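Note that the structure is a prediction, hence the values are computed from the model and not measured. Whatever order the structure lists them in is the order used to number ligands and atoms, beginning at 1.
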Amino acid sequence: MERKTVVIGVTGGVAVYKALDVISRLRKKNIDVHVIMTESAGEFVNPLSFQSLSQNMVVTNMFDEPKHWEIQHISLAKKADLMLIVPATANIIGKVANGIADDMLSTTIMATHAPVVFAPAMNTNMYLNPIVQNNIQKLKDYGYKFIEPESGRLACGDVGAGKLADTELIADKVISMLYPIKDMSGKKVLVTAGPTWSLIDPVRFITNRSSGKMGYAIAEEARDRGAEVTLVSGPTSLKAPFGINTINITTNEEMLNEVLEHFNSQDIVIKAAAVADYKPVEYSQNKIKKASNELVLNFAKDTDILKKLGEIKQNQVLVGFAAESNDLISNAESKLKKKNLDYIVANDITSSDTGFQSSENRVIILTRDGEKLSLEKMSKREVAQKLFDIINDKHKEV
Ligand SMILES: Cc1cc2nc3c(=O)[nH]c(=O)nc-3n(C[C@H](O)[C@H](O)[C@H](O)COP(=O)(O)O)c2cc1C
């Protein structure tokens with residue numbers, strides 16, 4: 001993979017330390033990172049932290065003795081494949097929107113042809129100030145990109161919009177802009193993720209240990225390869241990924257309705273959700289009282305959504321997951337046949353370091369024509385990559 005260079009502009013806001021995490025994530029992807037700090041940013045943190053993490057000299061003063069014969073703001077502007085301003089103050093946004101280039105960072109932004117991404121962070125009143133909003137709009141109109149801040153509790157104690165976006169999301173967005181493998185553009189992919197809830201009464205439900213991480217990783221991989229992705233997700237603690245149509249559901253029935261509504265228009269459907277197999281025969285409208293020593297609930301089979309999709313499928317590539325605690329391969333093989341699937345991803349949930357909740361997985365991918373691909377333990381995102389490599393290779397016509 002060709003090595004890319006990101007120039008990170010760090011400006012003077014309280015979220016300044018979070019830029020370190022973004023840099024560390026980019027460095028893990030072998031991206032060459034150069035940091036320019038404003039004078040105000042230097043009031044919050046010492047450039048040394050940025051220097052150690054980026055493994056490059058941090059540039060602060062435009063009039064420093066040049067380290068090389070090149071003029072630094074021009075050389076960094078030319079070197080950059082992308083510039084990321086994190087955190088971006090109201091001040092830097094205002095300066096760039098109005099053509100001001102009075103320090104190293106604003107001058108480099110002005111001089112670059114690379115895409116420039118701002119991740120703003122500031123007090124809510126500042127962020128919602130119409131002057132700041134107009135500056136943001138003006139920059140967007142010029143083609144500058146923004147990673148919108150979140151709403152939440154801010155450092156000043158106020159609650160509202162202005163909190164720096166999640167650092168993982170910022171790094172992911174930058175990486176996907178730098179390495180856009182678009183071998184799935186034009187394809188429509190539906191992914192299901194997470195558990196479902198089987199409701200007992202207004203306050204109680206039964207669920208399972210699915211974290212949703214596998215399905216979200218698949219959805220993000222498809223998005224980054226150019227597909228139009230719909231993610232139908234049960235309740236998880238994960239954030240809705242950017243650029244993905246995420247539909248939140250709770251029960252098996254809601255999952256079924258959403259999946260059926262989107263199924264016909266899809267090219268690939270991957271059911272990574274752990275959908276409930278059973279639900280209480282009767283849902284109690286009122287909270288069940290603590291009356292007797294024992295409580296007996298009767299459960300009835302709920303809809304097997306995957307099986308239903310296998311029955312109605314036309315040209316869709318249909319992929320299921322088999323989370324098994326015994327006879328992994330034979331159970332997965334019979335599920336693949338019974339449900340008319342094209343692929344099944346089998347994982348052994350008894351292993352404590354992979355599977356449910358974990359960020360890693362060890363799986364075997366079985367194909368319709370009897371092939372078995374055993375993958376070593378790897379991140380769920382890497383499993384997603386392998387899965388799409390196989391599907392794209394075998395189903396070039398899809
Ligand atoms: C403690 C403190 C926290 C600040 N936090 C922010 C902030 O989160 N966002 C922001 O836009 N400005 C913030 N400011 C104001 C900026 O530091 C100020 O506008 C400065 O001129 C920005 O300069 P720069 O954009 O060149 O880094 C803060 C100031 C102080 C003293």
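- Asp21 and Thr167 share a side-chain donor-acceptor pair at under 3.5 Å.
- Side-chain atoms of Asp103 and Ser106 include a donor-acceptor pair closer than 3.5 Å.
- Just one residue in the list Lys140, Lys173, Lys163 forms a salt bridge (charged side-chain N to carboxylate O under 4.0 Å, His left out) with Glu148, and that residue is Lys140.
- For atom 20 (C) of ligand 1, the nearest non-hydrogen atom of the protein is Ser40 OG, 3.5 Å.
- Close contacts between ligand 1 and Val14 involve ligand atoms 3 (C), 5 (N), 8 (O) [criterion: under 4.0 Å to a heavy atom].
- Contact annotation: Ala121 has at least one heavy atom less than 4.0 Å from an atom of ligand 1.
- Considering only non-hydrogen protein atoms, atom 6 (C) of ligand 1 sits nearest to Gly13 CA, 3.5 Å.
- Side-chain polar atoms of Tyr216 and Ser211 form no donor-acceptor pair below 3.5 angstrom.
- Asn56 and Ser54 form no side-chain donor-acceptor contact under 3.5 Å, judged by distance and modelled atom types alone.
- Among all protein heavy atoms, the one lying closest to atom 19 (O) of ligand 1 is Asn91 CB, 3.9 Å.
- The distance from ligand 1 to the heavy atoms of Thr38 drops below 4.0 Å at these ligand atoms: 24 (P), 26 (O), 27 (O).
- In summary, the atoms of ligand 1 found under 4.0 Å from a heavy atom of Ile92, numbered by their order in the structure, are 25 (O).
- Under the 4.0 Å distance rule, the nearest protein heavy atom to atom 31 (C) of ligand 1 falls outside the cut-off.
- Within the listing of ligand 1, atoms 10 (C), 11 (O), 12 (N) sit less than 4.0 angstrom from a heavy atom of Met126.
- Protein heavy atom in closest approach to atom 10 (C) of ligand 1: Thr89 CG2, 3.6 Å.
- Counting only heavy atoms of the protein, atom 11 (O) of ligand 1 lies nearest to Ala90 N, 2.8 Å.
- Using a 4.0 Å cut-off between charged nitrogen and carboxylate oxygen, Lys187 and Asp267 do not count as a salt-bridge pair.
- Side-chain contact of Asp158 with Asn123: a donor-acceptor pair under 3.5 Å is present, judged by distance alone.
- For the residue pair Asp141/Gln137, the side-chain donor-acceptor check at 3.5 Å is satisfied.
- Salt-bridge check for Arg368 with Asp342: passed, with a basic side-chain N closer than 4.0 Å to an acidic carboxylate O.
- Protein heavy atom in closest approach to atom 3 (C) of ligand 1: Phe44 CZ, 3.5 Å.
- For atom 28 (C) of ligand 1, the closest heavy atom belonging to the protein is Gly12 O, 3.8 Å.
- Looking only at atom types and distance, the side chain of Asn30 has a donor-acceptor partner in the side chain of Arg3 under 3.5 Å away.
- Listed by number with element, the atoms of ligand 1 under 4.0 angstrom from any heavy atom of Thr11 are 25 (O), 27 (O).
- Note that atom 22 (C) of ligand 1 has protein non-hydrogen atoms nearby, at separations under 4.0 angstrom.
- Considering backbone and side-chain N/O atoms, Asn123 never comes within less than 3.5 Å of an N/O atom of ligand 1.
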